[in-house]
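The structure appears right after this line, and notes come after that.
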Amino acid sequence: GQTTTDLFARLYQLGRPEGLTDALENGLDWSGEYIGQRRDGDYFWLRDTMAPIFGDDEALTHWISISEDITDLKSVQSDLVHASKLTTLGEMAASLTHELNQPLNVIRMAADSCLILAEDGDTNPEFMIEQFDTISEQTQRMAEIIRHMRIFSRKDEDETAEVRLIEVIENGVRLIKDEFRLANIDLRVDIPERCPPVRGYPVRVEQILVNLLTNARDAIVANAAPGQGANEKIGWVEIAMAYLEDVNSVIVLVRDSGG
């Protein structure tokens, strides 16, 4: 009961899948996944495989297509990714505790300084303002850490978004850097000051980065000699990023000495 125009307009509600237009115009095989829309307005995931059929004169006569509803598969994959992120957060508990303890200690020292002066009857306004500014800055730092943890732990959106890789790398390193310090591993970061954004899944990209860094740390620890690390670094991990302007691409490299 639908015209071809209506059907495809509904299927490609969120935009025609990449490469499909070129395949249709040039008679090429095509396979891909995309989000479509049902008659009732609900969105669903679809996997399509299409192939052209040519006649004796090599002219394109029609197309054959196999479509599969993969909504349930995507849901299971999303749940697995989410479970993996929660596992990663659990493994980073010690590092996150240290990251929160630092601003807490600064807040405590600033508050104690104000209390000591108040008990001595010394109400130096300039000093008090300076200490309260310090407390405010550190509470903002804690709020940012907690906010980032909440973002990292939530489920990804189905749609891609703008990914600022410099920010993603900095956030990932912030989450895990204390684990490297405790393991006596040198964490080297080499990223440019500016880089154009890319399209993708920001939280998922960060999780991949954190997993790579965690795996590198585990490999170094596993290959460390007995007693190594007491007075020297037992290894190193490097994360580097470069923007290749001539091909409009961004490369992120993670390497380590774990062997």
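The side-chain heavy atoms of R188 and V237, taken from C-beta on, include no pair separated by under 4.5 Å. Contact of the L165 side chain with the V163 side chain is registered, since non-hydrogen atoms from C-beta on lie closer than 4.5 Å. Side chains of R164 and V168 form no contact here, defined as non-hydrogen atoms less than 4.5 Å apart.
Between I251 atom CD1 and L244 atom CG the span is 4.0 Å, to the nearest 0.5 Å. Here the CG-OG1 distance, from L212 to T214, works out to 8.5 Å after rounding to the nearest 0.5 Å. How far CD1 of I169 is from CG of L213: 9.5 Å, rounded to the nearest 0.5 Å. The distance from the CZ atom of F127 to the OG atom of S113 is 4.5 Å, given to the nearest 0.5 Å.
The hydrophobic cluster analysis finds L115 isolated: no Ile, Leu, Val, Met, Phe, Trp or Tyr side chain comes under 4.5 Å of it, directly or through other members. Other residues sharing the hydrophobic cluster of I116, ordered by chain and number and joined by side-chain separations under 4.5 Å: none, the residue standing alone.
I135 and M109 fall into different hydrophobic clusters, defined by Ile, Leu, Val, Met, Phe, Trp and Tyr side-chain heavy atoms under 4.5 Å apart, directly or through other members.
Under a 3.5 Å cut-off, the side chain of T49 and the backbone N or O of S31 do not form any donor-acceptor pair. Under the 3.5 Å distance criterion, the side-chain polar atoms of N184 are matched with a main-chain donor or acceptor of E232. The backbone N or O of A110 lies less than 3.5 Å from no partner atom in the side chain of T134, so there is not a single donor-acceptor pair.
The nearest pair of heavy atoms linking G235 to S257 is CA-OG, 3.2 Å. Minimum interatomic distance between G172 and V210 (heavy atoms only, all atoms of both residues): CA-CG2, 4.0 Å. The shortest non-hydrogen separation linking G27 to P52 is O-CG, 3.2 Å. Of all non-hydrogen atoms in A183 and I234, the two that sit nearest each other are O-CD1, 3.4 Å.
For residues 244-253, every residue pair satisfying the side chain to side chain donor-acceptor pair (under 3.5 Å) rule, not counting sequence neighbours, is listed here: Y243-N248. Applying the salt bridge (charged side-chain N to carboxylate O under 4.0 Å, His left out) test to every pair with at least one member in residues 58-67, sequence neighbours left out, gives no pairs at all.
With sequence neighbours excluded, the residues satisfying salt bridge (Lys or Arg N to Asp or Glu O under 4.0 Å) with E68 are R47. Applying the side chain to side chain contact (heavy atoms under 4.5 Å, CB included) rule to I166 yields the partners E170, I191, C195, M241; only residues at least two apart in sequence or on another chain are considered. D190 is linked by a salt bridge (Lys or Arg N to Asp or Glu O under 4.0 Å) to nothing, counting only residues two or more places apart in sequence or in another chain. With sequence neighbours left out, D218 forms a salt bridge (Lys or Arg N to Asp or Glu O under 4.0 Å) with no residue at all. Applying the side chain to side chain contact (heavy atoms under 4.5 Å, CB included) rule to D22 yields the partners N26, L28; only residues at least two apart in sequence or on another chain are considered. Applying the salt bridge (Lys or Arg N to Asp or Glu O under 4.0 Å) test to E25 and every residue at least two apart in sequence or in another chain returns nothing. Remark: I64 engages A51, I53 in a side chain to side chain contact (heavy atoms under 4.5 Å, CB included) (not counting sequence neighbours). Take S136 and apply the side chain to side chain contact (heavy atoms under 4.5 Å, CB included) test, not counting sequence neighbours, and it matches Q140.
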| request: May I have the step-by-step check of side chain to side chain contact (heavy atoms under 4.5 Å, CB included) for F54 and T61, ending in yes or no? | output: CA-CA 5 Å; F54 298 94; T61 59; 5.8 Å; no
- Task: Mind running side chain to side chain contact (heavy atoms under 4.5 Å, CB included) on L253 and I239 for me, showing each step along the way?
- Result: CA-CA 6 Å; L253 171 69; I239 177 168; over 6 Å; no
Q) Passes side chain to side chain contact (heavy atoms under 4.5 Å, CB included), D256 versus N215? Steps please. A) CA-CA 10 Å; D256 63 81; N215 292 340; over 6 Å; no
